[in-house]
Amino acid sequence: MDVATGALPRGLGLVERVLRGELDSRGGPGVVRLAEDGGLDKGQASRLLRDLVGTGTLARDGHEFRAGADLLAVAAQAGPWGVESRALLRGLVVRFGACAYVDVLRRAMVLSVRAELAAWAEFSWARAGRLTPVWCTGAGRALLFDRSREEIARLLGGEDFIGAGGPYAPRTLEELLARVTADAGRGIAVCESEYDEDVLEVAAPVRDPHGDVVAAVSAVVPHAAARDDREELVTAVGDAAARLASLLG
């Protein structure tokens, strides 16, 4: 974007309108609405939005735009919350050899906005900004703890539970609902070989001062069947999520 021609201010204006639009009951804004609100012609807005999507600042879902993975990752690092989250996630990496994440819900997917990686991880799939299915990940289940059966059914409407997940991933909506209920009862999700074979994932919700789930802390470790420290991992992930929640008050 060329600062001299004013493209940068117009682009930043579009980002602000997209972020505000995500809270709009009409749903995320599209090109036409963004152009009208910003006093731009449709072609000009479309070109700017394409550049913003290309840099990861924004993302596109059909005709709607939302905050992109790179923008969310930067936000996750800002201020005391960001500093503390890095320290907590690094602690899980060092203590358990885990890949550790802060995750948020994006429709039927889990978006990792912060990642601290262990040496065994392949960066291409483990990095911040990754999207994974909500139905076969511990983070996904933790993010669904407060959702009703009807809300989860609507969220996953049309999902066939095929094409992703490990050997123990849920394969029906009813199976997923049963696991969400069981995990919510103990306040933490524990998934073995659900996203990938012989991988253990533990996740706990991060709640805001109103008690609403706004994020999750998750830790992923290999060799699930041979782990003798899973209860320690469960406790550590729960403590990390509680610590992050305390910073939201």
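Small disclaimer: the values here were computed from a predicted structure and weren't measured.
- When side chains are defined from C-beta on, V206 does not count as touching R243, because their heavy atoms never get closer than 4.5 Å.
- Heavy atoms only, all atoms of each residue included: V53 and F65 are closest at CG2-CE2, 3.8 Å.
- In plain terms, the two heavy atoms of G238 and I188 that are nearest each other are N-CD1, 3.9 Å.
- Both V110 and L144 belong to a common hydrophobic cluster when Ile, Leu, Val, Met, Phe, Trp and Tyr are linked at side-chain heavy-atom distances under 4.5 angstrom.
- For the salt bridge (charged side-chain N to carboxylate O under 4.0 Å, His left out) test, no residue two or more places apart in sequence or in another chain qualifies with R147.
- The backbone N or O of V199 lies less than 3.5 Å from no partner atom in the side chain of D196, so there is not a single donor-acceptor pair.
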| task | Begin from the C-alpha positions of H223 and D198 and carry the test side chain to side chain contact (heavy atoms under 4.5 Å, CB included) through to its verdict. | result | CA-CA 5 Å; H223 314 304; D198 202 25; 3.9 Å; yes
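- Sorted by first and then second residue, the pairs that involve residues 185-194 and meet side-chain hydrogen bond (donor to acceptor under 3.5 Å, both in side chains), not counting sequence neighbours, are R141-E194, R179-E194, D183-R186, E192-R230.
- Here the OG atom belonging to S46 is positioned 11.0 Å from the CG atom belonging to L40, to the nearest 0.5 angstrom.
- Using a 4.5 Å heavy-atom threshold, the side chains of V190 and L200 count as touching.
- Atom CH2 of W135 sits about 14.5 Å away from atom CD1 of I152, to the nearest 0.5 Å.
- Hydrophobic clustering of Ile, Leu, Val, Met, Phe, Trp and Tyr side chains at less than 4.5 Å, counting indirect connections, unites L244 with V113.
- One distance of note links OG1 of T172 with CG of L156; it measures 11.5 Å at 0.5 Å rounding.
- Taking every heavy atom of both residues into account, R171 and G165 meet most closely at NH2-O, 3.8 Å.
- With hydrogens and angles disregarded, no donor-acceptor distance shorter than 3.5 Å links the side chain of S112 to the backbone of A115.
- Counting only distance, with no hydrogens or angles, the side chain of W120 and the backbone of A98 share no donor-acceptor pair below 3.5 Å.
- For the pair V234 and V202, the tightest heavy-atom approach, listed with the atom from each and the gap, is CA-CG1, 3.9 Å.
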| side chain to side chain contact (heavy atoms under 4.5 Å, CB included) between V221 and D229: does it pass, once the steps are laid out? | CA-CA 11 Å; V221 294; D229 59 356; over 6 Å; no
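- Side chains of Y195 and T132 form a contact here, defined as non-hydrogen atoms less than 4.5 Å apart.
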| request: Applying side chain to side chain contact (heavy atoms under 4.5 Å, CB included), run through R114 and E116 and close with a yes or a no. | output: CA-CA 7 Å; R114 174 125 212 169; E116 295 293 334; 3.6 Å; yes
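- Atom CE of M109 and atom OG1 of T137 lie 8.5 Å apart (nearest 0.5 Å).
- A 6.0 Å sphere centred on CD of E197 holds no more than 12 heavy atoms belonging to other residues, nucleotides or ligands.
- Remark: L233 CG to R95 CZ distance equals 8.5 Å, nearest 0.5 Å.
- Contact check for V93 versus L117: no side-chain heavy atoms found under the 4.5 Å cut-off.
- In this structure, R149 places its CZ atom where only 12 or fewer heavy-atom neighbours from other residues, nucleotides or ligands lie under 6.0 Å away.
- Summarising the geometry, atom CG belonging to L88 is positioned 9.5 Å from atom CG belonging to D239; distances are rounded to the nearest 0.5 Å.
- Using a 4.5 Å cut-off on side-chain heavy atoms (C-beta onward), L34 and L49 make contact.
- Looking at every heavy atom in both residues, A240 comes nearest to V217 through CB-CG1, 4.2 Å.
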| request: With side chain to side chain contact (heavy atoms under 4.5 Å, CB included) as the test, would you mind laying out the steps for F161 and E175 before giving the verdict? | output: CA-CA 11 Å; F161 298 88; E175 190 176 354; over 6 Å; no
| Stepwise, does the salt bridge (Lys or Arg N to Asp or Glu O under 4.0 Å) test hold for R86 with E84? | CA-CA 5 Å; R86 183 176 190 276; E84 185 75 6; over 6 Å; no
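- In this structure, T181 contributes its side chain and L177 its backbone to a donor-acceptor pair below 3.5 Å.
- Listed by first then second residue, pairs satisfying side-chain hydrogen bond (donor to acceptor under 3.5 Å, both in side chains) with a partner in residues 200-216 read D146-R207, not counting sequence neighbours.
- Hydrophobic clustering (side-chain heavy atoms under 4.5 Å, transitive across Ile, Leu, Val, Met, Phe, Trp, Tyr) groups L143 together with L173.
- V134 approaches L105 most closely through the heavy-atom pair CG2-CD1, 3.7 Å.
- Under the 4.5 Å side-chain contact rule for hydrophobic residues, V104 and L89 share a cluster.
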